[in-house]
2 protein chains.
Amino acid sequence: MRHHHDIQALRKQGFRLTRQRMLILELLRSSERHMTADQIYAEVSQHHPEINLATVYRTLQWLHQVGLLRKIDVGKDRLEYEYAHDAEHHHLICKVCGDQTQIDNHVIQTLQAHILEHYGFEADPDHVALFGRCAQCRAAETE
Amino acid sequence: MRHHHDIQALRKQGFRLTRQRMLILELLRSSERHMTADQIYAEVSQHHPEINLATVYRTLQWLHQVGLLRKIDVGKDRLEYEYAHDAEHHHLICKVCGDQTQIDNHVIQTLQAHILEHYGFEADPDHVALFGRCAQCRAAETE
DNA sequence: CGCCTTATTGCAAATACTTGCAATAAGCAG
DNA sequence: CTGCTTATTGCAAGTATTTGCAATAAGGCG
Ligand SMILES: [Mn+2]
Ligand SMILES: [Mn+2]
Ligand SMILES: [Zn+2]
Ligand SMILES: [Zn+2]
């Protein structure tokens, strides 16, 4: 399976697979949702009180860099992370009601193609938050 | 002229045009570039040492909310602001060499139209930073 | 299994930015 | 111009996240 294969490859690259890293990765892998650093810290330290919040932050950064996690700023005061499962997607966030929708990656792929064509720039917008007004709030405003 | 008209309209809405607000707005209006909160603070406090850093942060938020400033996260550890002159644009930022390019708004307008059509969502991506690899760094990598 | 190298952690301090609250000063009326 | 209301400021404390450094522990080797 890809997951364990990736993990072993990281060890070959000189990274160390510490208890802290595995705990955080497994939590996010089983959680299937966005989580913030302090939520992760709260969960993990339940069973492993020795874990440190600074380590959580550093581990999240590392897991993101090696491509195992995705990161997003949904306009709250905290960043959110999710396990990088196969389905690439982005989020539409309504500034009025706060509603969040997932949208498929190919909407953005067209943009990527345009930018590559016109500017020779290879944009890699991974897991983006787009703000605006949702259909319902737009309808409500035309009352 | 539009600028002074906008300013007077704000007063009518109950906002107060304080010395601090005008100083920061004029600095950015004449600067024609992105500036960070602490750069702005350094500049303004040169001639007005009584100004407070918290006020700079609050004023930047307010100027952004009322549409006089644009805001951007270019991946450094600070947010940047610029005067909202007419030319709407976005930035391509190379993760390899750090190079920043401006791109015209209409590249993103196509994306906006697609999202509106498919999801009924009115996205308002104003002054966005797109990360990736620039043409030069891509060429260099195929050596 | 024990030893060694060094990547990673824990802890405490720092940084960018936000916020509660009492003091100040816009700006409108008189 | 003077007084009054209350939006805004200054200051100090708080929050999310980062960072320097000494202590710890992965994991390769014998
Ligand atoms: Mn997501
Ligand atoms: Mn700009
Ligand atoms: Zn909505
Ligand atoms: Zn480049």
Side-chain angles (χ1 to χ4, degrees), chain A residues 4 6-28 34-45 47-66 68-81 129, chain B residues 4 6-27 34-45 47-66 68-69 71-81 129:
Chain A
H4 292 92
D6 289 351
I7 297 284
Q8 293 315 313
L10 288 169
R11 181 148 38 203
K12 294 251 163 61
Q13 290 171 53
F15 293 116
R16 292 182 184 177
L17 306 185
T18 65
R19 190 164 27 85
Q20 292 88 331
R21 287 178 173 180
M22 294 306 103
L23 284 166
I24 291 169
L25 182 59
E26 280 314 311
L27 172 59
L28 279 158
H34 293 177
M35 290 186 82
T36 63
D38 58 307
Q39 283 172 348
I40 293 163
Y41 175 68
E43 283 286 329
V44 173
S45 61
H47 291 257
H48 300 268
E50 77 281 7
I51 203 164
N52 187 277
L53 184 54
T55 303
V56 173
Y57 279 108
R58 273 187 290 224
T59 300
L60 290 172
Q61 272 184 185
W62 178 75
L63 287 167
H64 179 246
Q65 273 167 38
V66 301
L68 288 168
L69 293 188
R70 299 190 187 119
K71 184 178 171 179
I72 197 167
D73 179 354
V74 298
K76 309 246 180 74
D77 59 352
R78 295 154 155 79
L79 296 174
E80 303 186 354
Y81 294 84
Chain B
H4 293 92
D6 289 352
I7 298 284
Q8 293 315 315
L10 288 168
R11 181 147 39 199
K12 293 253 163 60
Q13 290 171 53
F15 293 116
R16 292 182 184 176
L17 306 186
T18 65
R19 192 164 25 88
Q20 293 86 332
R21 287 178 172 179
M22 292 306 103
L23 283 167
I24 291 170
L25 181 59
E26 280 313 311
L27 172 60
H34 294 176
M35 289 187 83
T36 63
D38 57 308
Q39 285 171 346
I40 293 163
Y41 175 69
E43 283 285 329
V44 174
S45 60
H47 289 256
H48 299 268
E50 75 281 9
I51 204 164
N52 187 276
L53 184 55
T55 302
V56 173
Y57 279 109
R58 274 187 289 223
T59 299
L60 290 172
Q61 272 185 185
W62 178 74
L63 288 167
H64 179 246
Q65 273 168 39
V66 300
L68 289 169
L69 292 189
K71 184 179 170 179
I72 196 167
D73 179 354
V74 298
K76 308 248 179 75
D77 58 352
R78 294 154 155 81
L79 296 174
E80 302 185 354
Y81 294 84

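Here is the naming used below: chain letters follow the sequence lines, and residue numbers restart at 1 for every chain.
- Using a 4.0 Å cut-off, some side-chain N or O of A:N52 falls inside it from OP1 or OP2 of C:dC11.
- Rounded to an integer number of Å, the gap from A:I24 CD1 to C:dT8 C1' is 12 Å.
- Taking atom CD1 of A:I72 as the reference point, atom P of D:dA16 lies 19 Å away to the nearest angstrom.
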Nucleotide N/O to protein N/O under 3.5 Å, stretch nucleotides 19-24 of chain D:
unit_1: D:dG20; atom_1: O6; unit_2: A:R58; atom_2: NH1; d: 3.1

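- Per the geometry, CG belonging to A:L10 stands 15 Å off P belonging to C:dA7, to the nearest Å.
- Listed by chain and number, the residues in a ring-ring contact (aromatic ring centres under 6.0 Å, His included) with B:H64 amount to none (sequence neighbours excluded).
- Under the rule for a side chain to side chain donor-acceptor pair (under 3.5 Å), the partners of B:Q8 that lie at least two apart in sequence or sit in another chain are B:R11.
- Using a 4.0 Å heavy-atom distance criterion, A:L79 is classed as a sugar-phosphate-only contact.
- Atom NE2 in A:H48 sits roughly 14 Å away from atom P in C:dT9 (whole-Å rounding).
- Here salt bridge (charged side-chain N to carboxylate O under 4.0 Å, His left out) pairs that include residues 13-22 of chain B, with residues two or more places apart or in two chains, are B:R19-B:E50.
- Considering only residues two or more places apart in sequence or on other chains, A:Q20 meets the side chain to side chain donor-acceptor pair (under 3.5 Å) condition with none of them.
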Check nucleotides 26-30 of chain D against the protein and report each pair of N or O atoms closer than 3.5 Å, with its distance, or say if there are none.
unit_1: D:dA26; atom_1: N3; unit_2: A:R16; atom_2: NH1; d: 3.0
unit_1: D:dG27; atom_1: OP1; unit_2: A:R11; atom_2: NH1; d: 3.4
unit_1: D:dG27; atom_1: OP1; unit_2: A:L17; atom_2: N; d: 2.6
unit_1: D:dG27; atom_1: OP2; unit_2: A:R11; atom_2: NH1; d: 2.8

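- The distance between atom CG of B:D38 and atom C1' of C:dT18, rounded to the nearest whole Å, is 16 Å.
- Residue A:T55 is the one, among B:A37 and A:T55, whose nearest nucleotide of DNA chain C lies closer to the 5' end (criterion: closest heavy atom).
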